[in-house]
Visitor: 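Below you will find the structure I want to go over with you.
In this text the structure is predicted, and so the values were computed from the model without any measurement.
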Amino acid sequence: MRTSSEPAPDTVGGGLVRLRLQIGYDGTDFAGWARQPGLRTVCGTLEEHLTTVLRVPVSLTVAGRTDAGVHATGQVAHCDVPLSSLETRSVDGDPARLVRRLTKLLPDDVVVKAVDAVDPAFDARFAALRRHYRYRLTDTPWGAEPVRARDTSVWTRPLDITAMEAASASLCGLHDFAAFCRRREGATTVRDLQRFTWRRDADGVLVADVSADAFCWSMVRSLVGAVAAVGEGRRDLAWCAALVDRTSRAADVPVAPARGLTLIGVDYPPAHEWARRAEVTRDVRDSPDTPGCC
């Protein structure tokens with residue numbers, strides 16, 4: 001079978017079909033998305049069960065390879081499988097039927113919400129326009145509510161949301177986010193941070209919504225950590241705004257815990273623009289897969 005980053009051939013007369021999967025998971029007990037020998041990962045778990053159902057080896061390409069402890073409600077992946085593998089009794093040629101079949105097999109902390117066949121031009125990673133993350137952070141004296149403890153981080157000092165909003169706004173735009181990312185040889189850290197906002201929900205939890213064309217390794221949690229440092233008064237706005245001028249990882253930027261972070265969505269252009277979008281993204285940012293993200 002060809003690698004999942006290659007286009008699938010036309011399914012007329014046989015060959016491969018490209019499947020798009022909508023995925024959610026609680027990342028607490030996973031060692032991240034990416035498959036790792038001897039470790040429980042989201043990708044490894046999904047590929048194992050897809051292989052069982054379809055009776056062929058399955059290799060997934062994902063929109064964003066999340067780190068250990070990071071969650072998702074809107075993850076997207078694709079894979080190429082023989083058309084004949086969908087002709088089993090449990091699937092009967094309809095990829096959507098994989099959802100109920102997988103639900104019976106998968107553990108409680110990962111779900112496949114939808115499966116459909118797409119044009120081979122679709123690429124979960126390279127055709128994406130932007131990714132959306134949400135971060136939950138509480139500064140209450142008692143910490144997180146027990147029912148939300150797995151997806152809510154605790155900050156031990158009171159936070160000024162007005163200061164945090166100003167700090168977040170100073171970071172938006174097209175910048176080199178090297179100060180917020182773990183450097184990888186040959187990989188760019190230039191990103192377009194399109195949204196970074198804060199609000200308090202009904203329980204007093206601070207919720208950040210963060211959107212960008214892409215994120216590099218540890219970027220979202222470093223953004224949250226930097227802004228929280230301003231919110232608690234340990235750093236000022238000028239320090240935060242100047243971080244985008246640095247050309248290497250900043251040791252004074254704290255990295256917020258993974259548990260508060262959730263990938264909530266990935267945007268794609270219309271189907272007729274998938275191939276062009278993937279081509280443009282590869283030209284700008286083609287590099288070996290990173291071991292983790294955000």
Visitor: Is Arg234 paired with Asp252 through a side-chain N to carboxylate O contact shorter than 4.0 Å?
Guide: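 So Asp252 does not pair with Arg234 through a salt bridge.
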
Visitor: Could you tell me whether a side-chain N or O of Ser218 sits under 3.5 Å from a main-chain N or O of Phe180, the two making a donor and an acceptor?
Guide: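 Yes, the answer is positive, given that a donor and an acceptor are paired below the 3.5 Å cut-off.
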
Visitor: For a salt bridge (Lys or Arg N to Asp or Glu O under 4.0 Å) check, start with the C-alpha distance between Arg150 and Asp109, then their side-chain angles and the critical distance, and finish with the verdict.
Guide: CA-CA 12 Å; Arg150 289 166 73 96; Asp109 51 1; 5.4 Å; no

Visitor: Are Leu86 and Val99 connected into the same hydrophobic cluster when the rule is that any two of I, L, V, M, F, W, Y join if their side-chain heavy atoms are below 4.5 Å apart?
Guide: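 Hydrophobic grouping puts Val99 with Leu86.
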
Visitor: Would you tell me whether His132 and Asp209 have side-chain atoms, one donor and one acceptor, within less than 3.5 Å of each other?
Guide: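 Side-chain D/A pair, His132 to Asp209: absent.
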
Visitor: Quick one: does any side-chain atom of Asp119 pair with a main-chain N or O of Ala121 as donor and acceptor, under 3.5 Å?
Guide: yes

Visitor: Whether the Tyr25 and Thr45 side chains hold a donor-acceptor pair (N or O, under 3.5 Å, no angle test) is what I'd like checked.
Guide: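 No - no donor-acceptor pair under 3.5 Å links their side chains.
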
Visitor: Tell me if a side-chain donor or acceptor on Arg259 pairs with a main-chain N or O of Ala149 at a distance below 3.5 Å.
Guide: yes

Visitor: Under the 3.5 angstrom rule, does the side chain of Glu165 hit a backbone N or O of Thr197 as a donor-acceptor pair?
Guide: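 Checking the backbone N and O of Thr197 against the side chain of Glu165, no donor-acceptor pair under 3.5 Å is found.
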
Visitor: Transitively linked via ILVMFWY side-chain contacts under 4.5 Å: Val205 with Tyr133?
Guide: no

Visitor: Please determine whether a side-chain nitrogen of the Lys or Arg among Asp123 and Arg282 lies less than 4.0 Å from a carboxylate oxygen of the Asp or Glu.
Guide: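 Answer for the salt bridge query: yes.
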
Visitor: Using only atom types and a distance under 3.5 Å, with no angle test, would you say the side chain of Arg277 pairs donor to acceptor with the backbone of Ala128?
Guide: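 Yes; judged by distance alone, with no hydrogens or angles, the pair exists.
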
Visitor: Taking the side chain from Arg131 and the backbone from Ala63, do they hold a donor-acceptor pair closer than 3.5 Å?
Guide: yes

Visitor: Would you say that Leu50 contacts Leu19 through its side chain, given a criterion of any heavy-atom pair below 4.5 Å between the two side chains?
Guide: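 No. Closest side-chain heavy atoms not under 4.5 Å.
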
Visitor: Quick one: sort the Trp198 and Phe196 rings into parallel, tilted or perpendicular, breaks at 30° and 60°.
Guide: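 Geometry flag for Phe196 against Trp198: tilted rings.
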
Visitor: Considering only NZ, NE, NH1 and NH2 on the basic side and carboxylate oxygens on the acidic side, decide whether Arg134 and Asp151 come within less than 4.0 Å.
Guide: no

Visitor: Can you check whether Asp192's main-chain N or O pairs, donor with acceptor, with Asp213's side chain at less than 3.5 Å?
Guide: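 Flag set: sc Asp213 to bb Asp192 pair under 3.5 Å.
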
Visitor: Hey, quick one: are Trp33 and Leu106 part of the same hydrophobic cluster, counting side-chain heavy atoms closer than 4.5 Å, chains of contacts allowed?
Guide: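 Per the 4.5 Å side-chain linkage, Trp33 and Leu106 are co-clustered.
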
Visitor: Can you tell me if Thr138 uses its side chain to pair, donor with acceptor, with the backbone of Thr140 under 3.5 Å?
Guide: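 Checking the backbone N and O of Thr140 against the side chain of Thr138, a donor-acceptor pair under 3.5 Å is found.
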
Visitor: Using side chain to side chain donor-acceptor pair (under 3.5 Å) as the criterion, list what pairs up with Thr152, not counting sequence neighbours.
Guide: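 Per chain and number, Thr152 pairs via side chain to side chain donor-acceptor pair (under 3.5 Å) with Arg136.
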
Visitor: Using a 3.5 Å distance criterion without hydrogens, assess whether the side chain of Trp274 forms a donor-acceptor pair with backbone atoms of Pro269.
Guide: yes

Visitor: Do side-chain atoms of Arg191 reach the backbone of Ala212 as a donor and acceptor pair under 3.5 angstrom?
Guide: no

Visitor: Apply the test salt bridge (Lys or Arg N to Asp or Glu O under 4.0 Å) to residues Arg200 and Asp139: give CA-CA distance (whole Å), side-chain angles for both, the deciding distance (0.1 Å), then the verdict.
Guide: CA-CA 11 Å; Arg200 281 195 186 268; Asp139 60 349; 3.0 Å; yes

Visitor: Do Val224 and Trp239 belong together in a cluster built from hydrophobic side chains that touch within less than 4.5 Å?
Guide: yes

